[in-house]
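Here the structure is laid out as structure tokens; the discussion comes afterwards.
When reading the values below, keep in mind they use all heavy atoms of this one structure, side chains included, and skip hydrogens, waters and symmetry mates.
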Amino acid sequence: MSQSVYHIPVQDIQGQAVDLEQYHGQVLLIVNVASKCGLTPQYEGLEALYQAKKDQGLTILGFPANNFLEQEPGTNEEIQQFCSLNFDVKFPLFAKISVAGEDKHPLYQTLIQAQPERIGEGPWWKDLVEYGLTPNEPPEVLWNFEKFLVSKTGEVVARFAPDITADDPRLIDAINQELAK
């Protein structure tokens, strides 16, 4: 059994302290997001998923990160404005953090330790390498839009590669299984 995420201090996109314990009893999908990435259009699918399942107990938590080719260079205010104007994001967004490297946020240290392997290591990884990019090696976060599924009790139960979209049956099935518990 993995360690609960509820004890880890975070800040919302306005910089206010947030106690993740407030999400106890909800299924969480924690996603490291970026505004200038080829995967940025995933915001649309994530928002649709949130709207479809929030009344059933799913909450998506977006954590902007600038770890991959500086694809999230903006301030928290700029990020919030971008998400609102371009994708009408209503799911909670948090202050920009680091999800990789020496300054990795404790939330991501916990998520990675709890789920070192991801589902969906598809051809996208190879595409990055072919373009001359160097994605992180496992167990580190590969790229933007990696997804961690957290149970109603705060335990990390699954992890999905960046190219697993919000409508992917593997992700939907895992969410539905957790919601049913």
Steps toward salt bridge (Lys or Arg N to Asp or Glu O under 4.0 Å) verdict (Glu72, Lys96): CA-CA 8 Å; Glu72 189 57 276; Lys96 187 161 53 170; 5.7 Å; no
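- Put simply, CG on Leu107 and CZ on Phe94 are 9.0 Å apart, with the number rounded to the nearest 0.5 Å.
- Atoms CG and CD, on Leu179 and Gln177 in that order, are 10.5 Å from each other to the nearest 0.5 Å.
- Side-chain polar atoms of Glu77 and Gln81 form no donor-acceptor pair below 3.5 angstrom.
- With rounding to the nearest 0.5 angstrom, the CG atom of Asn176 is 7.0 Å from the CD atom of Gln56.
- The nearest pair of heavy atoms linking Pro162 to Asn144 is CB-O, 3.0 Å.
- For the pair Tyr43 (side chain) and Phe87 (backbone), a donor-acceptor distance under 3.5 Å is absent.
- How far OH of Tyr23 is from OG1 of Thr59: 6.5 Å, rounded to the nearest 0.5 Å.
- Scored by the ring pair (Phe, Tyr, Trp, His ring centres under 6.0 Å) test, His7 finds no partners at all (sequence neighbours excluded).
- Remark: side-chain polar atoms of Glu47 are paired, donor with acceptor, to backbone N or O of Lys90 under 3.5 angstrom.
- Counting heavy-atom neighbours within 6.0 Å of Gln14 CD, excluding the residue itself, gives a total above 12.
- Thr165 is not listed as a side-chain neighbour of Leu39, based on a closest heavy-atom distance of 4.5 Å or more.
- In this structure, Gln26 places its CD atom where more than 12 heavy-atom neighbours from other residues, nucleotides or ligands lie under 6.0 Å away.
- No side-chain donor-acceptor contact under 3.5 Å links Lys147 to the backbone of Arg159.
- The minimum heavy-atom distance between Asn32 and Tyr108, with the atom names listed, is N-OH, 3.2 Å.
- Between Val99 and Phe68 there is a side-chain heavy-atom pair separated by less than 4.5 Å.
- The two residues Glu178 and Leu149 make their nearest non-hydrogen contact at CG-CD2, 3.9 Å.
- The nearest pair of heavy atoms linking Ala34 to Ala65 is CB-O, 4.2 Å.
- At least one donor-acceptor pair under 3.5 Å links the side chain of Glu78 to the backbone N or O of Thr75.
- Here the side chains of Gln71 and Trp143 are in contact, with some heavy-atom distance below 4.5 Å.
- The side-chain heavy atoms of Val89 and Val33, taken from C-beta on, include no pair separated by under 4.5 Å.
- Between Val156 and Ala114, the shortest heavy-atom distance links the atoms CB-CB, 3.6 Å.
- Remark: side-chain polar atoms of Ser35 are not paired, donor with acceptor, to backbone N or O of Thr40 under 3.5 angstrom.
- Of all the heavy atoms in Ile79 and Ile13, the pair that sits closest is CG2-CD1, 4.2 Å.
- For the atom pair OG of Ser4 and NE2 of His24, the computed distance is 7.0 Å after rounding to the nearest 0.5 Å.
- Lys152 NZ: more than 12 foreign heavy atoms inside a 6.0 Å radius.
- Rounding to the nearest 0.5 Å gives a distance of 10.5 Å between CD1 of Ile60 and CG of Leu93.
- Of the possible polar contacts, none joining the Asn67 side chain to the Ser98 backbone as a donor-acceptor pair under 3.5 Å is found.
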